[in-house]
Amino acid sequence: MSDAKVHEENRGDESRHDDKPARKAANKPVIECKGITRSFWRAKERVDVLSDLDLEIEEGSFDALMGPSGSGKTTLLNLIAGLDRPTAGRLLVAGTEVSAMGDAALAKWRSQTIGFVFQHFNLIPVLTALENVELPLLLTKVPASERKKRAQIALRVVGLEDRLHHRPQQLSGGQEQRVGIARAIVHDPKIIVADEPTGELDRKSADDVLNLLDKLNREFDKTILMVTHDPAAAERARVVHKLDKGRLT
Amino acid sequence: MTLTSLTVKNIGHNWLRTMLTVAGVGIAIFAFVFIRTLTGAWEAGVENAAQDRLSTMHKVTFVMPLPKRYFGEFDGSKGKIAGVQASTYLNWFGAKHPVRESEFFANLAVDTDTFFDVYREMAVPPDRLAAWKENRQGAIIGEALANQFGWKVGDEITLVGTIYPGDWKFKIEGIYTATAKSVDRAQFLFHWDYLNDSLPEQRRDQIGWIASLVDDPSRAATISQAIDDGFDGEDVQTRTMSEKAMNMEFLGGASALLGALDFVSFVILVIMMLILGNTIAMGVRERTHEYGVLLALGFRPKHIATFVLGEGVTIGLLGGGFGLLLAYPLVEKGVGRWLEENMGAWFPYFSIPPKIAVMALVLAAALAAVAALIPAWRASKLDVIDALRRLG
């Protein structure tokens with residue numbers, strides 16, 4: 001890891017991570033940010049939201065990004081998730097230089113590589129839980145029956161096999177977020193990015209969601225990158241990256 | 001679930017608005033179908049006019065009579081005018097119902113011997129036809145006219161003359177049925193002799209026009225010319241034209257109105273399109289965040305545009321279907337029956353032509369797609385991060 005990166009090993013829950021350090025030490029980086037800068041123009045003034053940022057995240061890791069509002073957390077998450085492109089620098093995610101990809105290629109790459117978990121769940125209200133989870137598979141050549149089967153499995157993983165045909169408005173916040181997580185994993189992405197996944201939830205539901213993310217990381221080897229303001233949520237991550245004014249601290 | 005079913009499900013975001021929009025489109029389509037059916041029915045007499053029937057009238061105007069002796073020249077058996085199979089003569093009588101004066105119907109003094117030889121698409125039971133020919137004051141009426149005034153065979157009725165003043169007494173001897181769309185089912189036919197014998201000497205032996213059947217419709221123009229050439233040296237010259245041309249001339253005054261109605265029917269659809277476009281644009285604005293989510297999941301701008309277009313077309317088709325569901329009972333069974341029975345002279349057959357129904361449905365879908373074009377284009381241009389920032 002480069003000197004510019006400051007990783008804070010999370011040792012608050014040693015029992016939870018007994019088996020991880022040894023396995024993770026051998027893992028190669030799945031996310032590599034090299035000299036990433038992201039600038040925006042406000043009026044005629046250039047604002048560098050991220051400045052010359054270097055970051056590596058290992059495959060199979062569970063990392064958290066923390067920092068005050070405006071520190072660039074979501075901007076960095078958007079870059080890594082392929083929703084945005086850096087102004088300068090190189091960004092390699094899962095072996096692909098996403099900073100050099102066109103819009104169409106990036107959309108296809110996102111649909112195969114990234115699973116999104118949003119703060120506001122962002123389920124489609126006119127669709128059932130099963131249909132919401134099936135959404136990412138509509139972009140694949142997976143047959144309809146297989147799509148349905150995979151969506152059912154994903155919902156079973158998040159413990160909602162009895163809510164397949166419920167619409168979002170018939171679910172609690174915690175259940176909605178679990179449907180969101182099922183949607184994020186249904187196409188078996190390498191990386192799950194979560195933007196404040198517990199921001200809208202009470203403590204109990206938040207713990208359930210964090211347990212689920214932990215399970216996906218430990219049992220399904222998903223690399224998880226989570227933006228959070230919540231110290232309790234950050235404690236569940238193995239590595240916490242702290243951002244301030246566009247730089248890792 | 002498929003991309004198509006996802007498109008259709010999208011209309012369920014705001015059911016109240018969707019239902020109101022579908023109802024709005026449906027009413028516009030209903031109005032379109034009604035107006036097109038109305039103008040179509042009006043023009044049906046022209047469109048479906050017999051191709052092999054000619055009308056010979058006074059060269060100046062059909063209001064002026066011809067001498068009855070002209071009819072002798074049309075006698076097919078004598079072969080004076082080549083190509084004419086059969087002929088008959090008629091006078092426009094122009095009388096009214098004594099009480100229901102405002103209810104127009106065509107009443108004609110006809111030659112009982114030859115009339116049905118020329119107008120073969122009007123069917124009368126043989127016994128009734130024979131009874132009519134026997135009774136000098138007998139009349140044969142169309143089934144629509146019978147329904148309109150509640151007349152039946154055996155009834156003795158009186159009409160009030162306008163062109164030929166006085167009270168004219170008749171006995172209904174038969175009711176004809178139409179075997180072709182072009183036939184006015186509300187006509188009143190009686191003996192020309194009854195009219196002629198009742199007139200003062202100076203008004204006798206005059207006929208309104210001569211109708212002829214030709215053996216070859218493709219020679220109609222040549223035969224017409226030959227007829228008119230035959231009367232060129234007479235005091236009264238003739239003008240012969242096909243029944244279709246005559247009907248067009250008769251309806252000429254109404255053509256501007258029909259054109260205006262046709263125009264209105266399209267204006268209604270354009271208004272529908274603009275309202276639909278606004279509704280779809282509103283929906284797209286409200287769902288910007290949702291489109292951002294789909295883009296983040298890997299959906300492409302073309303998918304988003306297709307969803308918006310598909311939603312528009314779905315609403316258009318639903319509205320079109322609703323409009324037709326309204327139109328069939330209301331136009332065909334309700335207004336249509338009433339018009340046929342009460343205004344049979346103008347609307348002998350008032351039913352929605354299948355091509356108008358298909359056209360309405362296709363137009364509803366096509367205009368809805370056009371209405372959705374701009375919202376779809378704007379949705380496809382959304383930036384994923386900006387869209388995700390918008391509140392859902």
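In what follows, chains are A, B, ... by sequence order, proteins preceding strands, each numbered from 1.
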Can you establish whether the number of heavy atoms outside B/Met19 located under 6.0 Å from its atom CE is more than 12?
no
Atom pair CE (B/Met1) and OG1 (A/Thr128), whose distance is rounded to the nearest 0.5 Å
7.5 Å
Nearest heavy-atom pair of B/Leu294 and A/Ile124: which atoms, and what distance?
CD2-CD1, 4.4 Å
Part of B/Ile385 lying under 4.5 Å from any heavy atom of chain A
side chain
By number, which residues in residues 177-201 of chain A have some heavy atom less than 4.5 Å away from chain B?
A/Arg183
With a 4.5 angstrom heavy-atom cut-off, could you sort out which part of A/Leu139 is near chain B: side chain, backbone, both or neither?
side chain
Heavy-atom nearest pair, B/Gly298 first then A/Ser111, reads CA-CB, 3.8 Å
Using every non-hydrogen atom in the two residues, find where B/Ala296 and A/Arg110 come nearest and quote the distance to one decimal.
O-NE, 3.1 Å
Supply the atom-to-atom distance A/Asp84 CG to B/Asp383 CG, rounded to the nearest 0.5 angstrom.
7.5 Å
So what's closer than 4.5 Å to chain B heavy atoms on A/Ile114: side chain, backbone, both or neither?
neither
Heavy-atom count around A/Lys245 NZ within 6.0 Å, excluding the residue itself: above 12?
no
Residues, nucleotides or ligands: over 12 heavy atoms within 6.0 Å of A/Glu45 CD:
no
Beyond-backbone contact of B/Leu388 with A/Leu83, side-chain heavy atoms, under 4.5 angstrom:
yes
What do you reckon, is CZ of A/Arg167 surrounded by more than 12 foreign heavy atoms closer than 6.0 Å?
yes
B/Phe299 side chain near A/Leu135 side chain, heavy-atom distance below 4.5 Å
yes
So what's closer than 4.5 Å to chain B heavy atoms on A/Asn78: side chain, backbone, both or neither?
side chain
Could you state the interatomic distance from NE2 (A/His120) to NE2 (B/His289), rounded to the nearest 0.5 Å?
6.5 Å
Within the supplied structure, the quantity of interest is the number of heavy atoms (other residues, nucleotides, ligands) at a distance under 6.0 Å from B/Leu274 CG; does it exceed 12?
yes
Step through the shown structure and confirm whether more than 12 heavy atoms of other residues, nucleotides or ligands are within 6.0 Å of CZ on B/Phe263.
no
What part of B/Leu6 lies closer than 4.5 angstrom to a heavy atom of chain A: side chain, backbone, both or neither?
side chain
